[in-house]
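Before any comments, here is the structure.
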Amino acid sequence: MKYRALVSITLLFLLFNQGVQAQDSLVSAESSFRYIATTLDKFRATGRLVNNPGIDGADLEHFIALLDDFYQQFSQGFNSDSAMCQFYRDPENGRMTIEQRAELSFSYLREIGARLERYISIDEDFQLALEQQFGSILLRNITAAKATAISNQRLPSSNFDEAAMINFADTMCD
């Protein structure tokens with residue numbers, strides 16, 4: 001009896017721990033996406049890294065290319081060229097209400113579970129690429145900067161209500 005209770009408690013702990021790790025991984029992926037989007041937006045607007053995490057001039061072009069590559073990976077299903085946005089902007093769909101158009105455009109995205117797995121995997125690859133190409137100090141600096149990154153762009157990492165779908169599509173598909 002004690003053995004079964006111990007096994008049950010251990011199993012519950014492991015499942016809880018995995019859930020916490022998955023949530024932490026998703027938070028990391030979302031903050032990586034915000035950091036990348038903010039950094040690229042500011043760089044395109046000013047021509048420089050506004051909050052430089054430690055990139056010297058020789059590595060700037062490579063760093064921006066890396067950020068751009070990971071931005072494309074994160075936003076593949078919902079960027080301006082995606083099927084989702086093409087449907088949302090299609091003038092032929094103008095007869096639908098905006099709510100209907102937004103809801104149908106979201107049907108082009110992967111199922112929520114597959115999206116979350118993809119975002120977490122991309123974030124892991126992003127962190128690995130940063131460390132391998134620029135070192136652990138830069139990775140730590142970016143990890144710290146991710147916590148304060150603010151962007152009007154976000155990942156569709158949850159099921160949105162009607163207003164959030166419209167807002168998301170308007171933001172990403174402009």
Side-chain angles (χ1 to χ4, degrees), residues 14-45 51 53 62-133 139 142-174:
L14 290 173
L15 290 173
F16 175 76
N17 193 33
Q18 287 176 339
V20 169
Q21 288 175 346
Q23 183 63 32
D24 289 348
S25 296
L26 182 58
V27 168
S28 177
E30 289 173 330
S31 62
S32 289
F33 181 73
R34 277 193 313 273
Y35 172 81
I36 292 168
T38 300
T39 302
L40 289 173
D41 286 346
K42 288 179 181 178
F43 180 78
R44 289 177 181 133
N51 294 320
H62 180 67
F63 180 69
I64 295 299
L66 180 103
L67 293 182
D68 194 45
D69 178 52
F70 279 96
Y71 180 84
Q72 294 304 319
Q73 288 183 48
F74 272 118
S75 67
Q76 178 185 17
F78 57 86
N79 65 26
S80 187
D81 296 328
S82 69
M84 179 192 130
C85 286
Q86 289 175 10
F87 180 87
Y88 187 73
R89 290 189 313 254
D90 189 343
E92 292 291 319
N93 299 327
R95 291 172 279 158
M96 294 181 211
T97 66
I98 193 166
E99 293 85 1
Q100 291 169 327
R101 203 169 67 228
E103 186 174 344
L104 286 172
S105 69
F106 263 67
S107 69
Y108 285 92
L109 294 175
R110 295 174 181 198
E111 292 297 319
I112 189 72
R115 272 186 271 162
L116 298 180
E117 286 178 22
R118 178 171 165 65
Y119 300 147
I120 290 169
S121 175
I122 292 169
D123 184 48
E124 289 168 355
D125 292 346
F126 173 62
Q127 292 181 53
L128 183 62
L130 284 173
E131 187 170 31
Q132 287 177 342
Q133 296 176 31
L139 175 60
I142 289 175
T143 299
K146 287 179 358 179
T148 60
I150 299 171
S151 177
N152 64 342
Q153 297 182 39
R154 62 183 277 201
L155 293 173
S157 58
S158 63
N159 290 319
F160 290 166
D161 65 15
E162 196 173 78
M165 277 189 219
I166 294 167
N167 185 22
F168 182 82
D170 283 344
T171 300
M172 297 309 297
C173 299
D174 64 3

**Spacing of OG1 belonging to T39 relative to CZ belonging to R44, to within rounding of 0.5 Å** = 10.5 Å
**Request:** Report the distance from atom CG of N93 to atom CD of Q86, rounding to the nearest 0.5 Å.
**Result:** 11.5 Å
**Fill in**
So OH of Y71 and CG of L66: to nearest 0.5 Å the spacing works out to 15.5 Å
**Request:** Any chance you could measure L26, atom CG, to S157, atom OG, to the nearest 0.5 Å?
**Result:** 5.0 Å
**Fill in**
Scanning both residues in full, the closest heavy-atom pair of G94 with R101 reads CA-NH1, 4.2 Å
Could you pull out every donor-acceptor pair under 3.5 Å between side chains of residues 116-123 and any protein atom, sequence neighbours left out?
unit_1	atom_1	unit_2	atom_2	d
R118	NH2	Q73	O	2.8
R118	NH2	Q76	OE1	2.4
D123	OD1	S32	OG	2.4
D123	OD1	Q127	NE2	3.4
D123	OD2	S28	OG	2.6
D123	OD2	A29	N	3.4
D123	OD2	Q127	NE2	2.8

What pairs of donor and acceptor atoms, side-chain ones from residues 165-174 against any protein atom, are under 3.5 angstrom apart with sequence neighbours left out?
unit_1	atom_1	unit_2	atom_2	d
D170	OD1	Y88	OH	2.6
T171	OG1	N167	O	2.9

**Any donor-acceptor N/O pair, T38 side chain to Y35 backbone, under 3.5 Å** = no
**F87 versus M96, closest heavy-atom pair with distance** = CZ-CE, 3.7 Å
**Message:** Are there over 12 heavy-atom neighbours, none belonging to N51, within less than 6.0 Å of that residue's CG?
**Reply:** no
**Prompt:** Just how far is it from atom OG of S151 to atom CD of E30, taken to the nearest 0.5 Å?
**Reply:** 12.0 Å
**Under 3.5 Å: donor-acceptor pair, side chain of R110, backbone of G77** = no
**Complete:** Between S105 and M84 the two heavy atoms that sit nearest each other are O-CG, 3.1 Å
**Message:** If you compare all heavy atoms of R95 against all heavy atoms of E92, which two are closest, and at what distance to 0.1 Å?
**Reply:** NH2-O, 3.2 Å
**Message:** I'd like to know if the side chain of N79 reaches the main chain of Q72, judged simply by a donor and an acceptor atom lying under 3.5 Å from each other, with no hydrogens or angles considered.
**Reply:** no
**Request:** Quick one: closest heavy-atom pair of P156 and F160, and the distance?
**Result:** CA-CZ, 3.6 Å
**Request:** Applying side-chain contact (heavy atoms from CB on, under 4.5 Å), run through F126 and I36 and close with a yes or a no.
**Result:** CA-CA 10 Å; F126 173 62; I36 292 168; 3.8 Å; yes
**Request:** First locate atom CD of E103, then atom CD of E99, and finally report the distance between them rounded to the nearest 0.5 Å.
**Result:** 10.0 Å
